[in-house]
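What follows is a single structure, written as C-alpha cells, with notes after it.
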Protein chains: 2
Amino acid sequence: MRYGHPWVCRRMMAEGMRITQTRMVVLDILARNPKRHLSAEEVFLMAHEINPSIGFATVYRTLDLLTRMGIIQKLEFGDGRARYELTEASKKVPHHHHLVCTECGKVIDYTDFTDEEKELLTKVERELSEKYNFKIKNHIIQFCGICNHCNERR
Amino acid sequence: MRYGHPWVCRRMMAEGMRITQTRMVVLDILARNPKRHLSAEEVFLMAHEINPSIGFATVYRTLDLLTRMGIIQKLEFGDGRARYELTEASKKVPHHHHLVCTECGKVIDYTDFTDEEKELLTKVERELSEKYNFKIKNHIIQFCGICNHCNERR
DNA sequence: ACGATAATGATAATTATTCTCAATAAAGAG
DNA sequence: CTCTTTATTGAGAATAATTATCATTATCGT
C-alpha cells in the first residue's frame, strides 16, 4: 500500500516499525491542520471520520510514537488536555511560538521576532547541549497572560 | 494571626480575599523549595505534615488561586502531573528555564544566557503585548531532549 | 464577641490517559 | 501470491490527576 509522508515512512522502516494505515491517517490529519492545536480527542474524531474502525487508544499510541520520533510535538496549555502539532524539525511548519490566555485558554500563534529569536535559540541550544550533555530535540516557548477579550469584560 | 509573605497578604486583602492558614502554608512550602518543581501531591504531603487537617482539594484550590494571582506558575513537563514554582515576578526566584528529558522526565534548571535572553524576552513581550493586545504575565521556556543518562543506556 | 460569608475538608464525580489482551494486518520469506 | 511471524490494533476496563458538591468552619469588618 502507498501512503504519503515518505520521510516519515523511511524513518519508520529504518527503525523496524510498521507503516500502518492508522499511523498515516493521524500524521495526515496533523499535517493538514498546521494552524490548529489538535487535542487527542480532536484527532480521534477526525480519524474516525476517515476510518470509523480506528480506536482511541491507538490514536494516543500513535501521537506518543510520533512525539518520541520528534515528528510532532506535545504541547500543554494548562487546560488539562495535551495538544499536538508538527515540529519545526519536520520541515512542515514555520518557526512560531504561542501566546496563551490563562483566562479563556485561547492560543495565538505568533511568528514575529523569529530571526533574532532563532539565532539566540540556536546558540543557547548548542551551548546547553554541551554543558549539560543533553541531546536537545526541540523547545517550547509560551507567553502567558490575559487576552484583550477577557480583559474587556471586567 | 500573623503570617509572613506580606506582599501576597497585601494583594489578597486588596482583592477581598481571606488570608487563611492553608494558603500561607502552601505559599511557604513553595517559597522554601525554590529548587524543586513540586507537584500538587508533593505540596499536599508537605502541607499535611505541617497541619494534618489540610485537605487535598484545598491544596489544588490554593495552587490555582496563587497561579491566577501570578505568584506561582504552573508548569507541565509532559508526565501528566502539573508542577508549581514561584514566578520570577514574585521576586523570590531568579530568571531561569528548564531542560526536560523526554525519556526519564528529569528536569534541569539552567540560568545561563540570561542577560541576552532577558533582553530579548522583554522586547518580545512588550511588542507582542502591543500587537495582540495581550496583557502578558509571564513565560515558559523549555528545551526538550534526551539527558546524558538516558542517552548512554541504548 | 458577633455575624455574614468566603473558604475548607471529605468525598464523590469527572476526565484525560494508559493498560490488557485477544484479534488483526504489515512485511519478509518462499 | 500465499504463508508466517509478530508488531500493532480495537474495545473496554483501569488508573490517576483534577474538579465539583455540600455541610461545616474560620476569617474579618463591625
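Chain letters run A, B, ... following the sequence lines, proteins first and then strands; every chain starts at 1.
In this model, the phosphate group of D:dT19 is not approached by any side-chain N or O of B:Tyr60 to a distance below 4.0 Å at OP1 or OP2. OP1 or OP2 of D:dT8 has not a single side-chain nitrogen or oxygen of A:Arg18 nearer than 4.0 Å. Regarding contacts with the backbone of D:dT9, a side-chain N or O of A:Thr20 is found under 4.0 angstrom from either OP1 or OP2.
Applying side-chain contact (heavy atoms from CB on, under 4.5 Å) to B:Leu30 and the options B:Thr62, B:Ile71, B:Leu86 leaves one that passes, B:Leu86.
Comparing D:dG29, C:dA16, D:dT9 against the side chain of B:Met13 picks out D:dG29 as the nearest.
In this entry the distance linking CZ of A:Arg23 with C1' of D:dG10 reads 14 Å, nearest Å. The CZ atom of B:Arg61 sits 11 Å away from the C1' atom of D:dC22 (whole-angstrom rounding). Note: CZ (A:Phe44) to P (D:dG10) measures 9 Å, nearest angstrom.
Under the 6.0 Å cut-off for aromatic ring centres, A:Tyr110 and A:His96 do not qualify, their centroids lying 6.0 Å or more apart. Between B:Phe143 and B:His98, the gap from one ring centroid to the other reaches at least 6.0 Å.
A:Ser53 comes within 4.0 angstrom of sugar-phosphate atoms only, judged by non-hydrogen atoms across all strands, and of no base.
Rounded to 10 degrees, the angle separating the terminal helix axes of the helix from C:dA1-D:dT30 to C:dG30-D:dC1, each built from five base pairs, is 50°.
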